[in-house]
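Note that the structure is predicted; figures quoted are calculated from it, not measured.
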Amino acid sequence: MSEFKSDFLHTLKERGFIHQTSDDAGLDALFAKETVTAYIGFDPTAPSLHAGGLIQIMMLHWLQKTGHRPISLMGGGTGMVGDPSFKDEARQLMTPETITSNIASIKTVFSNYLTYGEGPKDALMINNADWLLGINYLEFLRDVGRHFSVNRMLAFDSVKTRLDREQSLSFLEFNYMILQAYDFVELSKRTGCRLQMGGSDQWGNIINGIDLGHRMGTPQLYALTSPLLTTSSGAKMGKSINGAVWLNPDMLSAYDFWQYWRNTEDADVSRFLKLYTTLPMDEISRLSQLGGAEINEVKKILATEITAMLHGRQAAEQAAETARKTFEEGALADNLPSIEVPASELEAGIGILALFVRAGLAESNGKVRQFLKDGAVRVNDKPMSDDRAVIGSGEVTGDGVVKLSLGKKKHILVRPV
């Protein structure tokens with residue numbers, strides 16, 4: 001459909017969120033005439049979501065901003081099984097305690113993007129364990145399982161990929177798509193939810209839910225998926241040189257989060273401004289036309305706007321100022337990320353390989369060796385090349401810290417305690 005009339009779908013289309021829908025015209029008409037409840041499911045596989053999941057959170061943000069009701073569904077029940085979609089092997093099963101702990105940790109991020117409450121347009125945080133953990137298996141097979149065709153399930157890309165590679169798919173995982181389809185029906189009954197959104201890899205699972213709803217007597221349900229994003233160079237969104245770009249501040253500082261977006265490739269700047277910020281489209285259009293040296297200023301705006309939504313405006317501007325002082329003035333900014341090391345250890349001396357790994361600037365001694373060979377390692381802004389170098393109390397500056405740098409943009413302060 002070339003033009004959507006409803007605010008929500010029009011906004012999503014012009015900002016690049018829509019990969020496909022199950023019925024453009026029907027969904028547009030629904031959004032134009034009533035307050036729509038829609039959900040996205042989130043797996044509690046870690047204590048935090050990472051930047052790869054930010055596109056889904058932004059879809060819920062725009063849903064609420066255009067006058068509708070979002071549900072962030074936590075997979076407390078399905079998390080005990082694990083989503084097999086496009087995975088090469090079965091996920092490690094998590095204990096109920098780990099799942100509960102992860103959900104509590106993940107929840108803290110959502111309130112930065114959504115307003116939760118009891119009002120008709122307030123967001124809901126729901127856990128599918130509320131209905132899945134109490135299921136009677138025989139009743140579930142009779143009432144829900146009978147509506148599924150194994151032949152059709154085998155044809156879904158997420159299953160087919162595994163089977164084509166002759167990798168085993170357990171019966172436990174095979175049940176995942178039935179449980180996810182049932183979530184859609186249950187949310188429809190409990191909250192009047194009419195739309196499930198997700199990444200394009202979830203298309204088969206969402207369509208399953210629509211079909212199940214049709215067979216179990218729900219109103220017409222709908223699907224909307226977003227494109228699976230990679231950077232222009234093909235890197236996966238939410239991954240950096242040092243691992244996942246976590247959203248929880250206790251797992252990644254506001255400064256490091258800001259830096260991740262500041263390092264956006266030139267070709268991705270316009271797309272990311274549309275997807276990850278709430279800047280007006282005419283402003284994004286203006287910024288997107290800037291090139292040359294000016295694009296670096298646009299990247300700073302991008303980083304600051306995205307960081308402000310997650311960490312707050314003050315933390316975002318502080319991160320931008322820290323970067324400016326560090327890179328433009330060469331000054332030692334107090335609010336650079338830091339680690340504490342016992343003063344006695346520094347007095348005895350710590351090998352440069354171990355210290356850089358400990359600071360989180362590399363994942364292994366071998367990586368640090370490679371960075372040393374590449375000339376990317378500095379201590380107190382002095383280039384280092386010897387992998388046997390020892391960093392001790394003699395390197396503590398007048399500011400009471402040792403500054404470790406990897407390349408031009410990654411810095412950690414070591415504070416003796």
Where do T78 and N128 land on the side-chain hydrogen bond (donor to acceptor under 3.5 Å, both in side chains) test, with the steps shown first? CA-CA 7 Å; T78 41; N128 65 10; 2.9 Å; yes

Is it the case that the side chains of W261 and T307 hold a donor-acceptor pair, with the cut-off being a distance below 3.5 Å and no angle test? no

Nearest 0.5 Å, please: how far is CG in L195 from OG in S188? 11.5 Å

Nearest 0.5 Å please: distance from the CG atom of L353 over to the CG atom of L372. 6.5 Å

Basic-acidic side-chain contact under 4.0 Å: K189, E186: no

So which pairs with a foot in residues 212-228 pass side chain to side chain donor-acceptor pair (under 3.5 Å), sequence neighbours left out? Q56-S226

Side-chain donor-acceptor contact under 3.5 Å, Q196 with Q202: no

Audit row: L279, E305, side-chain contact (heavy atoms from CB on, under 4.5 Å) steps and yes/no: CA-CA 8 Å; L279 290 173; E305 290 301 313; 4.1 Å; yes

Keeping H50 on the side-chain end and V245 on the backbone end, is there a donor-acceptor pair under 3.5 Å? no

May I ask you to decide if M281's main-chain N or O and R286's side chain share a donor-acceptor pair within less than 3.5 Å? no

Output every pair passing salt bridge (charged side-chain N to carboxylate O under 4.0 Å, His left out) with a member in residues 254-277, not counting sequence neighbours, ordered by first then second residue. D266-K299, D268-R271

Hey, does F148 have a side-chain heavy atom less than 4.5 Å from the side chain of M177? no

D381 and K403: side-chain contact (heavy atoms from CB on, under 4.5 Å), yes or no, with the steps? CA-CA 7 Å; D381 297 322; K403 180 184 176 188; 3.0 Å; yes

Closest approach of L9 and I18, non-hydrogen atoms and distance? O-CD1, 3.9 Å

Using atom types as modelled and distance alone, determine if a side-chain donor or acceptor of D28 lies under 3.5 Å from a backbone N or O of A25. no

E345/R358 under salt bridge (Lys or Arg N to Asp or Glu O under 4.0 Å): CA gap, chis, key distance, verdict: CA-CA 13 Å; E345 276 192 59; R358 189 161 165 182; 2.7 Å; yes

Can the ring centroids of W246 and F257 be said to lie less than 6.0 angstrom from one another? no

For the pair F8 and F31, name the ring-plane relationship: parallel under 30°, tilted 30 to 60°, perpendicular over 60°. tilted

Are any of the side-chain nitrogens in K300 or E297 under 4.0 Å away from the carboxylate oxygens of its partner? yes

For V144 and M216, which heavy atoms make the closest approach, and how far apart are they? CG2-CE, 4.0 Å

Which is it for N208 and F184 under the side-chain contact (heavy atoms from CB on, under 4.5 Å) test, yes or no, and what are the steps along the way? CA-CA 9 Å; N208 249 340; F184 202 172; over 6 Å; no

Name the atoms and distances for all side-chain donor-acceptor pairs under 3.5 Å in residues 66-75, with sequence neighbours left out.
residue	atom	partner	partner atom	Å
T66	OG1	W62	O	2.8
T66	OG1	L63	O	3.2
H68	ND1	V36	N	2.9
R69	NE	T37	OG1	3.0
R69	NH2	T37	OG1	3.3
R69	NH2	T191	O	2.7
S72	OG	Y116	OH	2.7
S72	OG	L124	O	3.4

Measure from the side-chain N and O atoms of N136 to the backbone N and O of L138, and report whether any donor-acceptor pair falls under 3.5 Å. yes

With F356 via ring pair (Phe, Tyr, Trp, His ring centres under 6.0 Å) - residues at least two apart: none

Check: L247 and I57 side chains under 4.5 Å, non-hydrogen atoms: yes

When you measure from the side chain of D23 to the backbone of G26, do you find a donor-acceptor pair of N or O atoms at a distance under 3.5 Å? yes

Given L302, I306, T264, the one that forms side-chain contact (heavy atoms from CB on, under 4.5 Å) with L273: L302

Correct closest heavy-atom pair for L228 and G199 would be CD2-CA, 4.3 Å

Any pair counted as side chain to side chain donor-acceptor pair (under 3.5 Å), so long as it reaches residues 98-110, sequence neighbours left out: T95-T98, S105-N248

Would a 4.5 Å heavy-atom cut-off, applied to side chains only, mark R194 and L30 as touching? yes

Show your working on side-chain contact (heavy atoms from CB on, under 4.5 Å) between R142 and E139 and close with a plain yes or no. CA-CA 5 Å; R142 185 191 64 202; E139 282 180 16; 4.0 Å; yes

Taking all non-hydrogen atoms of both residues, which atom of R415 and which atom of V401 are closest, and how far apart? NH1-CG1, 3.4 Å

Any side-chain heavy-atom pair from M58 and F17 closer than 4.5 angstrom? yes

All heavy atoms of L404 vs all of A359, minimum pair found to be CD1-CB, 3.9 Å

Minimum heavy-atom distance I206-A223, with the two atoms named: CG2-CB, 3.3 Å

To the closest 0.5 Å, what do you measure between CG (L54) and CE (M237)? 8.0 Å

Salt bridge (Lys or Arg N to Asp or Glu O under 4.0 Å) with R378: which residues, sequence neighbours excluded? none

Side-chain donor-acceptor pair present, D24, T21, cut-off under 3.5 Å: yes

